[in-house]
2 protein chains.
Amino acid sequence: MQIGELARSTGVKIETIRYYEREHLLPLPQRTEGNYRLYSPRHVEQLRFIRYCRSLDMSLEEVRLLIEARDAPAGSCLTVNALLDEKIAEVDARVNELHKLQDQLRQLRGLCRQPDQGEICGILAELNRCTESRKPVV
Amino acid sequence: MQIGELARSTGVKIETIRYYEREHLLPLPQRTEGNYRLYSPRHVEQLRFIRYCRSLDMSLEEVRLLIEARDAPAGSCLTVNALLDEKIAEVDARVNELHKLQDQLRQLRGLCRQPDQGEICGILAELNRCTESRKPVV
DNA sequence: TGAAAAGCCTGAAGTGGCTTCAGGGTCAAG
DNA sequence: CTTGACCCTGAAGCCACTTCAGGCTTTTCA
C-alpha cells in the first residue's frame, strides 16, 4: 500500500504521514524499486492509534508515551492513568477559562446592539477604557 | 520610560514588547543616545489595549483590525460587531468540542480504576481497539 | 511510441505567538 | 575602574503541521 492509499484510508494528509515518520512516530516503511514508501496493515493501525490519541487532545509527546505503554503493557497502568488524569484536569481548566471568556465577550457585544449611529461605538469605548489603568466594566 | 519599566508596569515581557514592535502593533519608540527605547504614556495605553484584546482570545491580526477601528471609529461599528460575533461563535464551538472531549476522557479513564493487576490495562485495550476500523466504545 | 497526467520523492521554509539564546553594548553605583 | 543591572540585535526554537520548489516514477491514453 502506497502513501496515497494510506492517506485516503485514514483521512490523514500525505505530508502529515511523512511528518510522523520524521518524528519517529511511525516505523520506517519498506520502499519499492522506485523509492516509493510501502505500508503494511501494521502502519495503518499505528497511524489510526496516533490520530485517535490526537483527537483526545494528546500532544505528540504524549502519544509517544502511550505507544511505549502499549508496546510494553505490563506495569504501564499507572503511567496511563496519570496521563489521562492530567489531561482531564487540563481540559476542565480550559473549559472554565472559556466560560469566563464567553461571559466577557457577550457583555462586550451587548454594549453595541445597533449599527453605527454616528457616535462612538460602545465596544470601542470599553476597549479603550481598559487601556487606562481602571478595571474593565466587563 | 525604558522598556524594563514598561514591562514591569504592564506585566508584559520585554521580548514580547519587542516582538509587538517588529509586528508593527506598537509604534516605534524614541531612542536615547545609547540606543535604548524610550516609551510614552501612549505606548503604555496601546500595549494594554493589545493585552486586553489578547485576553479575549483575539489573534494579533484581529487586534490589528481593532486598533484600526479604534483610530478611525466612525463607521467601524459593523466591523467590530462582526468580529465579536465571530469570536463568540468560535468560543461556543470550542466549548462544545471540549465538553465532548471531557466525556470521552472520563469514560476512558473509567476503564482502569485500579493500579496494575498484571492483566492488560483497560485503557490501552480500548485505545488499541480504536486502531482497528471499528467504532470506539468510548 | 511518446507525451501528458497522476503520483511520489526530498529538503527547506512558513504558520502564530511568542520564548530563548548568543554575543555583545550602555550606564549608574561603589 | 570595575561590577552588575539594564539594554541591544539577529537568529533559532517551540508545536503540529502545511506549503513550496524542484525533480523523479509510473500509469494512461492517443
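In what follows, every chain begins at residue 1, and chains take the letters A, B, ... in the order their sequences are listed. This one's a predicted model, so the numbers in the text were calculated from it and none came from an experiment.
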[X] [atom1] to [N] [atom2]: how many Å, rounded?
{"X": "B:E21", "N": "C:dC18", "atom1": "CD", "atom2": "C1'", "result": "15 Å"}
{"X": "B:R18", "N": "D:dT9", "atom1": "CZ", "atom2": "P", "result": "7 Å"}
{"X": "B:M1", "N": "D:dC7", "atom1": "CE", "atom2": "C1'", "result": "16 Å"}
{"X": "A:E23", "N": "D:dG13", "atom1": "CD", "atom2": "C1'", "result": "13 Å"}
{"X": "B:I17", "N": "D:dC8", "atom1": "CD1", "atom2": "C1'", "result": "14 Å"}
{"X": "B:I3", "N": "D:dT9", "atom1": "CD1", "atom2": "C1'", "result": "12 Å"}
{"X": "B:L26", "N": "C:dG17", "atom1": "CG", "atom2": "P", "result": "15 Å"}
{"X": "A:L6", "N": "C:dC9", "atom1": "CG", "atom2": "P", "result": "11 Å"}

**Message:** Counting primed atoms plus P, OP1 and OP2 as sugar-phosphate and everything else as base, spell out the protein contacts along nucleotides 24-30 of chain C at 4.0 Å heavy-atom distance: B, S or - for each nucleotide, 5' to 3'.
**Reply:** -BBS---
**Message:** Return a single string for nucleotides 15-20 of chain D, one symbol per nucleotide in 5' to 3' order, where B is base contact, S is sugar-phosphate-only contact and - is none, cutoff 4.0 angstrom on heavy atoms.
**Reply:** -BBBB-
**Complete:** ring-ring contact (aromatic ring centres under 6.0 Å, His included) filter on B:Y36, not counting sequence neighbours, yields none
Exercise: identify the closest heavy-atom pair between [X] and [Y]:
{"X": "B:I50", "Y": "B:L25", "answer": "CD1-O, 3.7 Å"}
{"X": "B:D57", "Y": "B:E62", "answer": "O-OE1, 4.3 Å"}
{"X": "A:M58", "Y": "A:L84", "answer": "CE-CD2, 3.7 Å"}

**Message:** What's the separation between atom CG in B:L65 and atom OG in B:S59, rounded to the nearest 0.5 Å?
**Reply:** 8.0 Å
**Side chain proximity check, A:I88 to A:V91, heavy atoms < 4.5 angstrom** = no
**Item:** Heavy-atom side-chain contact between A:Y39 and A:Q46 under 4.5 Å
**Value:** no
Using distance only, find each side-chain donor-acceptor pair of residues 15-22 of chain B under 3.5 Å and give its atom names and separation, not counting sequence neighbours.
{"unit_1": "B:Y20", "atom_1": "OH", "unit_2": "B:R51", "atom_2": "NH1", "d": "2.7"}
{"unit_1": "B:E21", "atom_1": "OE1", "unit_2": "B:R37", "atom_2": "NE", "d": "2.8"}

**Asked** With distance as the sole test, does A:R64 use its side chain to make a donor-acceptor pair with the main-chain N or O of A:E23 at under 3.5 Å?
**Response** yes
**Message:** Base, sugar-phosphate or nothing for A:Q2? Non-hydrogen atoms, less than 4.0 Å.
**Reply:** sugar-phosphate
**Request:** For A:R37, report the nucleic acid contact type (base, sugar-phosphate, nothing); a contact means any heavy atom under 4.0 Å.
**Result:** sugar-phosphate
**Prompt:** Given axes from five pairs at either end, by how many degrees does the helix from C:dT1-D:dA30 to C:dG30-D:dC1 bend, rounded to 10°?
**Reply:** 30°
**Asked** Thinking salt bridges, do A:E45 and A:R48 make one under a 4.0 Å N-O criterion?
**Response** no
**Asked** If you look only at pairs with a residue in residues 92-101 of chain B, which of them pass as a side chain to side chain donor-acceptor pair (under 3.5 Å), with sequence neighbours excluded?
**Response** A:Q102-B:D92, A:R106-B:D92, B:R94-B:E97, B:H99-B:Q102
